[in-house]
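Order of the sequence lines sets the chain letters (A, B, ...), proteins ahead of strands, with each chain counted from 1.
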Amino acid sequence: MTKMIKVLKGTKDILPQESLQWQRLEQNALNVFSRYGYKEIRTPIFEATELFARGVGDTTDIVNKEMYTFEKSDRSITLRPENTAGVVRSFIENNMSRLSAPVKLWYKGPMFRYERPQAGRQRQFHQVGVEMFGIKEPTADAEVILLAVDYLKSLGLNDLEVEINSLGCPKCREEYKQKIKEVLKPEFNNLCEDCQNRYEKNPLRLLDCKVESCKEIFEKPEIQKVIQSDFICEECAKHYHDLKLYLDKLQVPYVENKLLVRGLDYYNRTVFEIKSNNLGSQNAVCGGGRYDSLVRNLGGEDTPAVGWAMGMERLNSLLPEIEPDKLDAYIVCNSPADAFELAQELREKGSKVEFDLSNKKFTKQLEKASKVAKYALILGEDEIKTNKVAVKNLATSEQITVDRNDVLNNIG
RNA sequence: GCGUCUGUCGUCAAGUGGUUAAGACCUCGGAUUGUGGUUCCGAUAUGCAUGGGUUCGAAUCCCAUCAGACGCCCCA
């Protein structure tokens, strides 16, 4: 036999059974996001590599080791690892800053990251997300979080935990970073290898290390004091405070998590995640935050923005399986031409109808009907002659013979 | 990139060095040439991820490779 070709590591087929859930995720996204005034945007799956280097940040793991990058005609091209950079690029390129703020956009689609697959993580995965441009007030942060919660509710996911934090602005965050580095400096050699790397790359990430020896170090009172200190400046604190006020008012339950940092460089002030206990170690379904300097960094006018993305595979794994719909009717008939004719009549009126295309025996056709359909439409020689159809309810075994024109009324 | 575990039919599996590799489900055919779901009968792996090795003898032991699951890092 010729060698079989298999799906690549970290990729998956979405088979018909599973695609029902995907359709639901996408349908609900359209419905819920529309209610908040969001419009769908579809950007290309590949972009200039530089967009992600500048957008996502060239110190991030995503850009450094996880991108699918290739050269074509002297251009470096990358399969999108996330979609915020692409949406921002489009926002700038299409002069959307001329539109009346806020500009509200949503997207869904495949993303690509070269990582070792594990529970809740694949190399090709799907995200649904929203981005709001032009509002610097914390009302935007609140609305975007509310929208995420609302969308999850629409899927029946009511009890996921919302975590929030404020990273401050570039200025106050930088001061905080320096303080952390300073207080940890004497312990540097006692930190684990990962933490030693993080020390330079992203000191904020040091704090939730899972290695015991590091945890012990961070427990020390003089270090705890720095970690727990309210470092953010007055303006940032006001923004954060007001966000919490809105969330309280809207009765969105949340917990504050000072260790919530997020790995993309572009965030400032508000960051948040929504987590589930039923996802294994990759437990975040939703991650997002405010990114006020990204539009400018990618060559646009200074425009505040806030948004989030959800992992659709992770979302999917939290949802119950959907039973596939049965056909309205299966035609049992040994004359394909007549079966075709009846099937088309009903299909044109919107019914879901199939019949046997390989002319199997009567009993086989009926057996098939009982598996896939609510009604069997028996169309034998007698029925064809008299222009009737025998309609059998496969759940109750009741059977009646009706005029052909009446079939639709009897397969309700 | 690192670590742990696992690979027997389309699926779930039994098998722990000794004939011909259980069983169940699915699928297909028959009992049943116009009445299904129940029932009964039958079909379907010269093959145990792949390649080597040990042995009189390997699905079983060893090595390598590949694939998968989970975890670290990181992220949705």
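- Of the listed residues (A:L147, A:D159, A:L315, A:V32), just one forms a side-chain contact (heavy atoms from CB on, under 4.5 Å) with A:L152, and that residue is A:L315.
- For A:Q399, taking side-chain heavy atoms from C-beta onward, the closest of the listed nucleotides B:U35, B:C72, B:C70 is B:U35.
- A side-chain donor-acceptor contact under 3.5 Å links A:E256 and A:Y240.
- Side-chain nitrogen and oxygen atoms of A:K364 include none within less than 4.0 Å of the OP1 or OP2 phosphate oxygen of B:G36.
- In this structure, A:S281 reaches the B:G71 phosphate: one of its side-chain N or O atoms is under 4.0 Å from OP1 or OP2.
- Nucleotides B:G71 and B:A24 have their P atoms positioned 36 Å apart, rounded to a whole Å.
- Close to B:C74, at under 4.0 Å from its OP1 or OP2, lies a side-chain N or O of A:R198.
- Under the 6.0 Å cut-off for aromatic ring centres, A:Y330 and A:Y375 do not qualify, their centroids lying 6.0 Å or more apart.
- OP1 or OP2 of B:U11 has not a single side-chain nitrogen or oxygen of A:Q17 nearer than 4.0 Å.
- Between B:A31 and A:K361, a contact under 4.0 Å exists linking OP1 or OP2 to a side-chain N or O.
- B:C12 and B:U27 have their C1' atoms separated by 15 Å, given to the nearest Å.
- The shortest distance between the side-chain N/O atoms of A:Q118 and the OP1/OP2 oxygens of B:G71 is below 4.0 Å.
- One P atom belongs to B:C9, the other to B:A49, and the distance between them is 8 Å to the nearest Å.
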